[in-house]
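Step one of this worksheet: look at the structure below.
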Amino acid sequence: MKSKKKPQERVGVYICHCGSNIAGVVNVEDVSTWAGKELEKEGVVVARDYKFMCSSLGQELIEKDIKEQGLTRVVVAACSPHLHEPTFRNACSRAGVNPYLFEMTNIREQDSWVTTDKLEATKKAKSLVSAAVGRVVYQKPLESLFVPIDPNVLVVGGGVTGIQAALEIANSGQHVYLVEREPSIGGHMAQFDKTFPTLDCSACILTPKMFDAGNHKNITMLTWSEVEKVEGYIGNFTVTIRKRARFIEESLCTGCGVCWEKCPKKVVDDVFEAGLGYRKAVYTPFPQAVPKYPVIDHENCTYFQKGTCKACEKFCPTGAIKFDQQDEILTVKVGNIILATGYDLFDARKIPNYGYGRLPNVFTSLEFERMTNAAGPTMGKVVLRDGVTQPKSVAVIHCVGSRDKNYHNYCSSICCMQSLKFAHLVKEKTGGDVYQFYIDMRTPGKSYDEFYQKIIHEGVNMIRGKVAEIIEGEGGLIVQAEDTLVGKQRRIPVDMVILSAGLESRADAKEVAQKFGISCSADDWFIERHPKLDPVATMTDGVFVAGACQGPKDIPASVAQGAAAAARVLSIIGQGEIEIEAATAMVDEITCVGCKQCVASCPYQAIQFLEEKGKAYVQEALCKGCGTCVGTCLPKSITLKHFTDEQIVAEMIGAMRVMKSFEMTEVA
Amino acid sequence: MSDYIFYPGCSMESSAKAYYESVMAVCKPLGIGLKEIEDWNCCGATEYLSLDITPAYALIARNLALAEEQANGNKTIIAPCSACYLNLAKADHYMHDDKAFGNKINEALAAGGMHYTPGKLAVRHLLDVIINEVGLDKVKENVVKPLAGLRIAPYLGCMLPRPDYGKRYSDTEHPDELDRLLSALGAEVIDFPLKTHCCGGHMTQIGPDTAFEMIHRLISSADALNTDVIVTVCPMCQMNLDAFQGQMNNHFKTNFKIPVLFFTQLMGIAFGEKAESLGFGSEFVSAAEAISRVRVQAPKPAEDAPVAKKKTPGLPMPPLRTKTDHTQEAGR
Amino acid sequence: MTDVVSVLDPHTSHTKREDSILLREVSLRTPGESHVDMCIQCGTCGGSCPSGSAMDHTPRAIFAMLRAGMRDDVLNSNTPWMCVSCYFCTVRCPQNIHITDVMYTLKNMSLEARKPTMPVASPPPTAWGLKNSSIDPKKYNPTAADFSKTFIWMVENFGRSFEIGLAGVHNVRHFITRLPNMTPMAIGMLTKKGMSPLPPKRIKGMDQLGKILQRAKELESS
């Protein structure tokens, strides 16, 4: 490397203030003056600092310098390349410099935002700028590749969010595969009776959408199915889906329901009835299920477990029961993926002082939703666990498992409104006393605070205090809390307690994220690309998230995200093709020994082995530029374009130039 | 036979001699060897911490330093009194957790030529050692007189399950360790809802009315559950519920008479030890009647089974959490 | 202590600086990370407290008062003294505040505010002269502190506690009217439990313990 002569390039360096985000900590003027002087021999001909480099004025500054000063290389020290690398690449392009001759270095997230030490921050900024200048002169012009977008879309999760996304896309004429784990689409919303703040009937507004999704010519609905494997990249995903055996021949089944009427095996329904009701071993979760076909629950079916029964088969009028049905593995090609996998309810049994699971008349929010549902286990009657007694007084407890460092730190955002809805339903259905125990009443939404006002007016007792414990006593339950506005402990006897349990990420969220190549927050919610400006995209191109899988959300917000994700996907499909990063790996056929190590190591199956030549070959469209193969290649025949050894070493030398204590000795 | 460092605590040599005697009687057959710390001092209970935090921790730490000196290869201190157990565990925890604080306490110890290495020893309560080290199988092997027919309310009080620095108990509010032990002795164990509620602590001394209220809640709840005996793991709990039961009765014009025993006393009975050697007779509310029933061991005369009224099936209950639930979450 | 205009309500007249000083002092004096500054005023502690009914302020209110810099009100409150160390609040607190430990700190601070006239390691007087004008003796119930002092006086002199002596001295001093009711219990202690009415034997390392405690007290005040 040393032997090679350093290329003579004309480099422009631009230091962004980012308002006070960078300039508040880093002395940007000092950095630009220093770069202009000290890095002159490295090729720097212009060094400037500017308030907002990303503004159109900032970009014009670069373009003007390229034209007037004949710049051949550009370095911008600003925020994360995730945010603005495309902005500056485009600016270079417009002025006639290949976008790959531009280098961005991050002095915000990796410098000014992580320290308050101005001297050290300025020193680090210089080091980063020097590193970027060091490498940029070795960068080579590269041409991006364009690949066509497969217009088919995969939507994972058939709750209201997934249904919305699927319908938006299908209505535009594109094809959607809608995958749902349960026997029917509908999700949590199908379990509810009323929705806040309008108190309109949940089923009345959801079932038409479910029906549309189930009958849409552009939607292939795969219920009782799960995604097993995802390969490929934006525009060209190959998805493997396991369609679990229903043991029902769909083409013969009419959904008449004789099978579940005759089935002798009753089991507690933990999913749809939230544990409050029963279903049979052959079942559809609810009467309006889409599709209408039942499934046989293998683990509970008497025939599968003991070898005899087959009552369903005997009575089925169309002979649709097929005990020998096998799981099907389907492979579909899609260009984009939307994850709308929803949430799990926090397990309230984890809070021992609330007694859920021990005290019969303590219920969770989902149990209560089922209880108030006219099609639920109690036909909509509010009763105690004995199934008959109507409670005279009910306590509703907010923040169960939320805003609590022992469980979940975050606010579940829906519980205040949901609890107020419960208060209204108890009042309406029983006329009994209701006590709301809350920490802070959070009703920031359209018509939400008006709903709160309405509930106060209905005579609900509001107690500001987190409940300390629930114990049995005085013929019922005693709820003990501090009424913090009075400053006194209160022990309130009630017949029933409803725990507004928080929302948590799905138990398998981490595995799902890994499968789709996206990341999870500390609480296992899927992470969006940008919390404000790109809320439904992820860091993986072509994979989008929507609804409660990204964080706690109510129905309006989930539906909005479902539609937003659909819009993002449609805009990509509309482009027809997509630009692929040019930073891909390349095999030098002369030195390649054909050991195939790289073929095995590539996580994207991008390396082919050309048998006739006995050499490896990188398919650029598949290569993501991860560099794994470069590391495994023993004869060093693979180069990663834009990350060559030469560029990286130059970058390191540049970074170390600033550290005075560092002796510039031979670097290999 | 495994050896443990033993910290008896002051009550064991005065008000809780029954506990001391019964601990000695049951540890032997279980293979628990107890080496008492020589020249230990009071742990300061909850009182010294109230006055002066640094001397309070120094007082506790002298015991830890003695134990470390005399450990002789053993790593575990057993303290049968909940307050002593917590104080020792707490001093070790904070000396380890807060390095500056640990150094300060060691600086005080140095004035007496002593030193304790935080985290060196594990402080454990006898109940925890019996459940988690010795194991219930070994307990069952020793049972010769099962406590059949004795309805027991297991009562742990506060300082054993909370704050539980070592995460040794199944739960901070409804732990099942004592229940499991008593079941292994053959007793009928009540799911006592107030099992970790407060016995009143030092309130009997500084605000008796408040203490009586707390004692009343515990005793009346146990009574409503047809309790024959309340079982405790702490001298303070035993004292408050037993010796103050009479005063509490006077205060509330009630007439409860529920004997309150140490868990080791009942273990001793089940192991076939003589009641006299287990400190029986030192309790204020006599346990003689309750214990006599175990000794007779005659099956209770069968009562006419109550005719079950046809009840509606009701709504299903959520299943209780299992040990696997806990472990799975820990892995999440 | 406060140098603000006296016409203002003393409860609201503290400077901002005083607020943070008080909260920081409590935090620094509590071993480990107490998180006392993280209170969200949810009331879990006040709801959980078994002796809450005897407190003049709930623990939650005390945290608000600490934040408001209401030093005198906090140190005059009986709340820390009514704490029975049951740790319900500590394990339930959604913000992981070590509430029981904070209560110990507040007891220390409350006594320290009275310290100039308080004798050390001797039988404490039933009431001590209060010279610190910010502490109102009428608001302060010394029973609990007195019990602690009597207890520790015994420990500092014998190395071990002396339950029967402690109960005797304490009850004669504070609950003289209850004595008739307590007599059967006292007799029971001697007869049934076989407790000795004599003080315990001194531990051998009494000198050593004395030196350790003396050094600890110096470290505490430094």
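The figures here come from the full heavy-atom set of this structure, side chains too, leaving out hydrogens, waters and symmetry mates. Residue numbers start from 1 in every chain, and the chains themselves are labelled A, B, ... in the order their sequence lines are given, proteins ahead of strands. This one's a predicted model, so the numbers in the text were calculated from it and none came from an experiment.
For Lys488(A), the NZ atom counts as loosely surrounded, since its 6.0 Å shell holds 12 or fewer non-hydrogen atoms of other residues, nucleotides or ligands. Heavy atoms from other residues, nucleotides or ligands lying under 6.0 Å from NZ of Lys118(A) number 12 at most.
The closest donor-acceptor contact from the side chain of Arg60(C) to the backbone of Thr484(A) lies under 3.5 Å. Distance alone, capped at 3.5 Å, is enough to place a donor-acceptor pair between the Asn406(A) side chain and the Cys93(C) backbone.
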Discussion item. Applying side chain to side chain contact (heavy atoms under 4.5 Å, CB included) to Ser53(C) and Gln489(A), what does each step give before you reach the verdict?
Written reply: CA-CA 7 Å; Ser53(C) 58; Gln489(A) 198 175 79; 5.5 Å; no

Practice prompt. Before giving the answer on side chain to side chain contact (heavy atoms under 4.5 Å, CB included), spell out for Met38(C) and Lys405(A) the whole-Å C-alpha distance, their side-chain angles and the decisive distance to 0.1 Å.
Written response: CA-CA 11 Å; Met38(C) 294 299 291; Lys405(A) 293 197 163 77; 3.7 Å; yes

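The only member of His408(A), Arg403(A), Lys466(A) that meets side-chain contact (heavy atoms from CB on, under 4.5 Å) when paired with Pro94(C) is Lys466(A).
Considering only heavy-atom pairs separated by less than 4.5 Å from chain A, the leading option among Cys49(C), Ala61(C), Cys89(C) is Cys49(C).
Closest approach of Asp404(A) and Arg92(C) over heavy atoms only: OD2-O, 4.4 Å. Nearest heavy-atom pair across Ala468(A) and Ser48(C) is CB-OG, 3.1 Å. Of all non-hydrogen atoms in Ile40(C) and Arg464(A), the two that sit nearest each other are O-NH2, 3.8 Å.
Looking at Met55(C), there are no atoms closer than 4.5 Å to chain A (heavy atoms on both sides), in backbone or side chain.
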